[in-house]
Amino acid sequence: MFQPKIKEKVWSVDIEKGMIELWMKEGWYEFEEKEPIFVIDTPPPYPGPFWHIGAAISYAQQDIIARSRRMKGYNVLYPIGIDRNGIPVEWYVEKYEGIDMWKYPREKFVELCRTALDKYDDNMANIMRRLMLSGDIDHRYRTDLDEYRALTQATFIELWKRGLIYEANRPNNWCPRCRTTIADAEVEYKTEKGKLYYIKFPLKKGGHVLIATTRPELIAGCDLVLVHPEDDRYKDLIGKKVILPIYGREVKIAADKEVDPEFGTGMEMVCSYGDSVDVRLFRKWRLKERKVLDIDGKLTEEAGKYAGLSVKEAREKIVEDLRKEGLLEKVEEIEHKVPIHDKCKSEIEIISMPEYYLKQVEFVEELKKIADEMKWYPKKHKQRLLDWLNSITMDWPISRRRYYGTEIPLWYCKKCGYIHVPKPGRYYKPWKEKPGIKCPKCGSEDWKGEERTLDTWMDSSISVLYITGYKKDEEKFKRTFLKGEKLRPQGTDIIRTWLYYSLLRVYQLTGKRAFEHVWINGMGLDEKGRKMSKSLGNVIYPEEILDEYGGDALRFYSVMEGAVGDDYRISKERIEGAFKSLTKLLNIARYVSMFPQVEEVELEETDKWILSELNEAKERMLKAYDEFDPHKGIHHLRKFTHELFASHYIEMTKERARENDEKAKAVWYTLHQVLKDVLRLLAPIVPAITDYIWRSLYEGSVHKEKFPKVDRKYEKYRKYTERIVGFNEKIWKEKKERGLSLKSEIKTEVPKELKPFEGDLRRMHNIK
RNA sequence: GGGCCCGUGGUCUAGUGGCUAUGACGUCGCCCUGACGUGGCGAAGGUCGCCGGUUCGAAUCCGGCCGGGCCCACCA
């Protein structure tokens with residue numbers, strides 16, 4: 001009699017692995033036919049040899065949302081994807097194959113990229129399984145599939161036909177390292193120590209003025225010198241001319257109130273292009289652009305004798321020359337911000353190139369409305385999107401001069417320049433395919449295929465359309481995208497890229513807002529609150545944690561730890577603490593498993609009391625799940641389980657449970673009732689241990705269960721909680737102080753408020 | 001320069017006007033009972049960032065400051 005069904009006394013990673021294998025065999029989480037539908041547009045991670053533990057944790061948190069929605073009764077569409085387009089794999093191939101992309105046959109290079117990506121694809125999938133993501137990992141989509149790229153191209157073609165895409169030759173952010181134009185959203189700034197050079201510019205009428213600049217190498221591109229209109233020092237010079245040092249060209253002096261008289265000498269030279277201010281000033285003053293830099297970031301013929309030098313070399317050289325000529329007045333050390341490419345962190349130059357643009361400026365107001373309509377978790381991050389929307393002043397350059405991306409599906413007639421746009425639906429590679437038609441304008445068959453690819457955000461930004469069957473399965477699209485609730489979970493770092501571009505593209509294509517819910521997770525930092533990076537040597541890899549503590553412990557830890565949307569520190573010590581909680585849960589179940597399951601019988605007061613507290617924990621936890629923030633409910637649930645249930649209820653009823661009468665059955669019934677509900681409530685967070693326990697004791701799997709219903713039947717019993725806990729603690733303490741064992745007899749009175757529980761309390765404490 | 005967020009014992013965390021501020025992890029004692037490699041009891045540890053205001057009463061509301069983080073922006 002009363003033998004536990006659960007044998008293990010300690011939770012273990014091996015049991016967890018066994019559960020994962022079991023689930024894989026059973027094949028789970030097919031998308032079903034029923035409604036309501038809940039769509040989760042999970043960020044497809046980029047494959048690589050290492051996965052950041054913080055990223056891994058955020059996927060676990062998304063899975064908790066998916067599982068909790070399922071248990072709430074939703075049919076959850078939760079696809080898993082891998083993002084494979086773009087620059088990182090190109091670098092990887094260049095580095096590990098020791099080749100230069102530009103000097104390598106494109107077709108072969110693309111093949112090498114694919115092979116490299118495949119190598120890490122499985123690695124990612126394995127970590128996802130260990131994290132116990134309940135999405136369809138086996139049928140994960142990839143953004144470089146022909147089908148996916150065909151959809152990206154189809155959306156390009158549609159927007160092209162609607163006149164939202166155009167080509168223009170404009171100054172843009174140019175990454176010399178990656179040899180491509182990039183969008184403002186991909187630009188970051190870093191603070192750097194730099195030098196401010198004070199240079200003498202001779203005046204045409206004689207004498208000279210002093211101009212301060214950080215970019216002396218760009219003097220060749222100078223087409224205007226500006227002063228503040230109210231600056232008394234220079235009022236007389238407005239309209240006069242200066243002579244550029246080295247080059248001898250004459251340049252006009254003009255007044256513009258944007259000039260800060262306090263900075264440098266209060267006199268500014270405007271060059272093509274030192275920074276984004278120059279770009280604006282060039283447009284404003286209709287200046288003549290001179291291409292001083294080429295695509296490799298080297299100076300051109302325009303720069304005279306400095307042609308062929310890199311920016312750095314040219315700067316040193318020209319400073320030296322100026323010094324020799326006595327034109328360098330002084331050099332000042334300053335800190336300034338330089339724009340860098342978010343992917344490769346190298347400095348960006350502003351260069352004019354012909355690029356394709358997608359209109360975005362005219363959509364900003366509508367997108368602000370959409371930002372307001374969506375529910376944000378947590379609310380505060382909405383501001384980041386609004387800030388970004390408010391800073392958009394130009395359209396989105398979408399063409400990239402790279403190889404591993406979705407090709408721009410266009411051909412140009414070599415004879416008459418006609419642009420051929422193919423029919424949507426297929427995946428086109430114009431750099432190696434012929435369109436197979438005659439030019440409708442001139443009849444020529446001589447075409448030049450477009451060689452550029454699209455910004456990878458053009459692909460990723462339609463993930464929610466791809467997963468809901470847009471342009472492929474109208475029925476599915478209607479049920480999921482149009483009728484379902486859609487959630488976008490993602491990190492703070494990609495609000496202005498992935499989130500913004502998704503909202504823009506989906507709105508342009510469907511006229512709808514892409515999501516009802518936006519859930520923003522915080523970033524995982526190291527134990528001291530610093531970013532994890534290889535250079536700091538503070539990186540923790542998910543495999544390490546998964547091998548040592550398992551996915552359940554990591555998931556439980558992440559829920560115990562931080563509130564949604566805030567950064568949090570990752571601590572092994574605390575993950576270990578989470579693991580201990582799992583062992584405690586296992587042992588609670590082990591105890592319960594000693595007793596048979598019975599039909600509901602007449603309950604004693606103690607039983608009703610714990611059920612009232614169970615309901616309280618339940619209500620809090622369910623509410624937390626509703627708000628996609630299980631953290632809000634988990635502390636109370638843990639307290640209920642470990643303290644009220646394990647320490648108080650179980651101890652109070654231990655004696656009664658060992659009888660074999662109706663009163664014992666009441667305990668048995670209650671024990672199982674509580675355990676089942678606790679398991680159901682915890683199942684989304686710790687899927688392995690809850691299912692292990694469930695399958696050991698009950699029918700089926702806990703993951704096929706629904707959340708328990710709220711039941712306030714015994715609500716009034718909650719008022720006893722404080723007294724019961726207080727009374728028990730008092731007795732424990734008293735026995736302790738008197739050196740008595742907990743089993744030994746004690747003489748005391750049960751307070752009259754606790755009369756309903758007197759029997760259980762007397763047996764528990766052995767009160768005579 | 002503008003904006004946003006945050007600031008509770010060593011660490012994490014509950015708590016949006018009201019009993020001596022919650023709990024966890026960790027630390028230090030003691031104890032072990034038949035679900036528990038665990039558990040129980042106890043101890044140390046916080047002027048709830050600082051200052052002022054509102055109020056009978058503030059961690060909680062208001063203002064200012066300090067500190068930390070983030071975003072945006074034209075300092076060449």
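Letters A, B, ... are given to chains in the order of the sequence lines, protein chains preceding strands, and every chain is numbered from 1.
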### Message
Please report the distance separating the P of B:C74 from the corresponding atom of B:G69, rounded so that it comes out in whole Å.
### Response
23 Å

#### Entry: Between P of B:C75 and CG of A:L281, the distance in whole Å
12 Å

### Message
Taking the C1' atom in each of B:G17 and B:U60, what is the distance between them to the nearest angstrom?
### Response
6 Å

### Message
Taking the minimum atom-to-atom distance to the side chain of A:V259, which one of B:A76, B:U13, B:C25 wins?
### Response
B:A76

### Task
Could you tell me whether A:R620 and A:E616 have a side-chain N and a carboxylate O separated by less than 4.0 Å?
yes

### Query
Roughly how far apart, to the nearest Å, are B:C6 and B:U16 at atom C1'?
16 Å

### Message
Once you apply a heavy-atom cut-off of 4.0 Å, does A:D275 come out as touching a base, just sugar-phosphate, or nothing?
### Response
sugar-phosphate

### Task
Specify the separation, in whole Å, of atom CG of A:D260 and atom P of B:C75.
10 Å

#### Entry: Donor on one side chain, acceptor on other, A:H341 and A:N173, under 3.5 Å
no

### Task
Consider the side chain of A:S276, meaning its heavy atoms from C-beta on, and name the nucleotide among B:C74, B:A73, B:A76 that approaches it most closely.
B:C74

### Query
Just wondering, are more than 12 heavy atoms of other shown residues or ligands nearer than 6.0 Å to NZ in A:K345?
yes

### Query
So what does A:R574 touch, heavy atoms closer than 4.0 Å: a base, only the sugar-phosphate, or nothing?
base

### Nucleotide B:G3, atom C1' - distance to CD of A:Q383 in whole Å
7 Å

### Task
With A:K572 as the cation and A:Y549 as the aromatic partner, state whether NZ or CZ is under 6.0 Å from the six-membered ring centre and within 45° of the axis.
no

### Message
Distance check, C1' atoms only: B:C65 and B:G7, in whole angstrom units.
### Response
14 Å

### Query
Checking all strands, does A:G266 fall into the base, sugar-phosphate, or nothing category for heavy-atom contacts under 4.0 angstrom?
base

### Message
With side-chain contact (heavy atoms from CB on, under 4.5 Å) as the criterion, how do A:D278 and A:I350 come out once you've worked through the C-alpha distance, each side chain's angles and the decisive distance to 0.1 Å?
### Response
CA-CA 9 Å; A:D278 283 343; A:I350 295 174; over 6 Å; no

### Query
5'-most contact on RNA chain B: A:R215 or A:V187, nearest heavy atom basis?
A:V187

### Query
Is it the case that A:Q673 and A:D677 place a side-chain donor and acceptor less than 3.5 Å from each other?
no

## Note on the structure
Whole-Å distance, A:I495 CD1 to B:C71 C1', equals 9 Å

### Task
Starting from P on B:C5, measure out to CG on A:D387 and report it in whole angstrom.
11 Å

### Query
If you measure from the P atom in B:A21 to the same atom in B:C30, how many Å do you get, rounded?
30 Å

### Query
Between A:W285 and A:D256, is any side-chain donor less than 3.5 angstrom from a side-chain acceptor?
yes

### Task
Ignoring hydrogens and angles, tell me if any N or O in the side chain of A:T653 forms a donor-acceptor pair with the backbone of A:V667 under 3.5 Å.
no

### Query
If the C1' atom of B:C25 is compared with that of B:G45, how far apart are they to the nearest Å?
14 Å

### Task
Mind calculating the distance between CG (A:L389) and C1' (B:G3) to the nearest angstrom?
15 Å

### Query
Taking the C1' atom of each, how far is B:U13 from B:A59, in whole Å?
14 Å

### Task
Can you check each nucleotide of nucleotides 32-45 of chain B against protein heavy atoms at under 4.0 Å and return B for base, S for sugar-phosphate only, - for none, in 5' to 3' order?
-BBBBBSSBBS---

#### Entry: Distance, rounded to the nearest Å, where A:R384 contributes CZ and B:C5 contributes C1'
9 Å

### Task
Could you tell me which residues satisfy salt bridge (charged side-chain N to carboxylate O under 4.0 Å, His left out) with A:E613, sequence neighbours excluded, listed by chain and number?
A:R718

### Message
Checking A:E289 against A:Y273: is there a side-chain donor and acceptor pair closer than 3.5 Å?
### Response
yes

### Message
I'd like the C1' distance from B:U33 over to B:G23, given in whole Å.
### Response
26 Å

### Query
How is A:H336 classified with respect to the nucleic acid when contacts are heavy atoms under 4.0 Å: base, sugar-phosphate, or nothing?
sugar-phosphate

#### Entry: Aromatic A:W376 / basic A:R384 pairing, under 6.0 angstrom, 45° off normal
no

### Query
In whole angstroms, how far is the P atom of B:G1 from the CD atom of A:E262?
13 Å

### Message
Can you give me the dot-bracket string for RNA chain B, 5' to 3', counting Watson-Crick and G-U wobble pairs with both distances under 3.5 Å, using [ ] for crossing pairs and | for partners on another strand?
### Response
((((((((.[[[..)..(....]]].(((((.......))))).....[[[[[..)....]]]]])))))))....

### Any A:H631 side-chain N or O less than 4.0 Å from OP1/OP2 of B:A14
yes

